[in-house]
2 protein chains.
Amino acid sequence: MKSQALHGHLDALLLSVLEGGALHGYAIIEALKSRSGGTLNLPTGTIYPALRRLERAGHVESEWSTVNGRERRTYRLTASGHRALAGERASWQELSSTVGRFLGTDTPPPATT
Amino acid sequence: MKSQALHGHLDALLLSVLEGGALHGYAIIEALKSRSGGTLNLPTGTIYPALRRLERAGHVESEWSTVNGRERRTYRLTASGHRALAGERASWQELSSTVGRFLGTDTPPPATT
DNA sequence: CTTCATAGGTAGTAAGGCTACCGATGTGGG
DNA sequence: CCCACATCGGTAGCCTTACTACCTATGAAG
């Protein structure tokens, strides 16, 4: 998939992987890759600036630690980040259902039965 | 909805409304508005440049006509536009299912069984 | 010692959509 | 008659976003 098609949803993806626990940048990339089945193979030049953006926005916090002599910056969601994620989810649903109406795909309610 | 969230799918939406028949710019805006239930209220500054982009790309053709003294530029899909729409649909499905995997919404396969 | 995986980062670019404008005509209200 | 509004088209400049292409450093493997 053309990763640039992510347009505006990168933040949501990052927040969603961090929802499962704090991770450092490199691990986030791996997580995205594996969870997407290899479809999302995002370069560091995409991830790191995005994380800094999220940090600036207060959605994540970072902490340095040294593991095996390697510096790691571990990111974790803030309360604001959790809220942002919820918002992103909502707007994704909206976008998805709106666009789906035109492109023939709809997002049927997950039927929480 | 924040319309800027459309990012990259505007073309697909335009192509899809034109799929139902040729329309002029203003009518396209109205069509998007009504089909989306009012969610998509796109300004002319978004639509017209997009249409020109599509025309430059050969996906639509335009024709001028005068109705009630008003100039209308009517756009219609070309063969290339139909193909492009199919492609857009496919990549939308891919994006939608990939992002959905992270944001909790999935686009369940239409079960072509 | 070189190469690879791990780990973090920056600079510059290109695309896309938005806001804010502008021009014109026909219709209807005051 | 004149003004406002809906219809119809369009452009200019801006901002955000993600990408490509780079750079740095360490530990392990060969």
Side-chain angles (χ1 to χ4, degrees), chain A residues 1-15 22-34 39-57 59-60 62-75 84 88 91-92 95 98-99, chain B residues 1-15 22-34 39-57 59-60 62-75 84 88 91-92 95 98-99:
Chain A
M1 113 180 264
K2 314 194 307 192
S3 31
Q4 53 261 64
L6 249 43
H7 284 299
H9 309 297
L10 214 212
D11 292 5
L13 294 183
L14 293 178
L15 293 174
L23 291 173
H24 57 282
Y26 199 86
I28 291 175
I29 295 173
E30 305 271 286
L32 287 166
K33 201 190 311 183
S34 79
T39 349
L40 288 176
N41 200 350
L42 305 177
T44 64
T46 293
I47 300 301
Y48 292 120
L51 285 171
R52 310 183 115 252
R53 200 160 57 220
L54 288 173
E55 188 163 30
R56 237 180 296 130
H59 297 331
V60 301
S62 67
E63 200 185 342
W64 283 100
S65 53
T66 310
V67 179
N68 291 327
R70 281 186 203 98
E71 296 289 303
R72 276 186 182 176
R73 178 128 103 166
T74 306
Y75 294 88
E88 293 280 3
S91 69
W92 165 254
L95 172 70
T98 303
V99 175
Chain B
M1 115 181 258
K2 314 195 307 192
S3 31
Q4 53 261 67
L6 251 43
H7 282 298
H9 308 298
L10 214 211
D11 292 6
L13 294 183
L14 294 178
L15 293 174
L23 292 173
H24 57 281
Y26 198 86
I28 291 176
I29 295 174
E30 304 271 288
L32 286 167
K33 201 188 314 184
S34 79
T39 348
L40 287 175
N41 199 351
L42 304 177
T44 63
T46 293
I47 301 301
Y48 292 120
L51 286 170
R52 309 183 116 252
R53 201 162 55 221
L54 289 173
E55 188 163 29
R56 237 181 293 130
H59 296 330
V60 301
S62 66
E63 200 184 344
W64 283 100
S65 53
T66 309
V67 178
N68 291 328
R70 281 187 203 94
E71 296 289 304
R72 277 186 183 176
R73 179 128 101 166
T74 305
Y75 293 89
E88 293 281 2
S91 68
W92 164 253
L95 173 70
T98 303
V99 176

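Keep in mind that this is a model prediction, so the values were computed, not measured. Proteins come first, then strands; the chains are lettered A, B, ... in the order of their sequence lines, and each starts at number 1. Side chains are part of it too, since the values below use all heavy atoms of this structure and drop only hydrogens, waters and symmetry mates.
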So, is B/R53 close to the C/dG17 phosphate, meaning a side-chain N or O under 4.0 Å from OP1 or OP2?
yes
Within the structure shown, what part of the strands sits under 4.0 Å from B/G69 by heavy-atom distance: base, sugar-phosphate, or nothing?
sugar-phosphate
Would you say A/H24 places a side-chain N or O within less than 4.0 Å of OP1 or OP2 belonging to C/dA7?
yes
Interatomic distance, OG@B/S65 vs CD@B/E71, rounded to 0.5 Å, equals 8.0 Å
Minimum side-chain heavy-atom gap B/V60-B/L14 below 4.5 Å:
no
Whichever of B/E30 and B/Y75 has its nearest DNA chain D nucleotide further upstream toward 5':
B/E30
What heavy-atom pair brings B/G25 and B/I47 nearest, and what distance separates the two atoms?
O-CG2, 4.3 Å
Any idea which of D/dG9, C/dA7, D/dA18 is nearest the A/Y26 side chain?
C/dA7
Could you check whether the side chain of A/T44 and the base of C/dG9 have a donor-acceptor pair of N or O atoms closer than 3.5 Å, going by distance alone?
yes
Answer yes or no: is there an ion pair linking A/R52 with A/E55, defined by an N-O contact shorter than 4.0 Å?
no
What contact category does B/G25 fall into here, base, sugar-phosphate, or nothing, at under 4.0 angstrom with non-hydrogen atoms?
sugar-phosphate
Of A/R70 and B/R52, whose closest DNA chain D nucleotide lies nearer the 5' terminus?
B/R52
Does a nitrogen or oxygen in the side chain of B/Y48 sit under 4.0 Å from OP1 or OP2 of D/dG10?
no
Measure from the side chain of B/H7, starting at C-beta and using heavy atoms only, and say which of D/dC19, C/dG17, C/dG9 lies closest.
C/dG17
Return the nearest nucleotide to the side chain of B/D11; candidates are D/dA18, D/dC19, C/dG17.
C/dG17
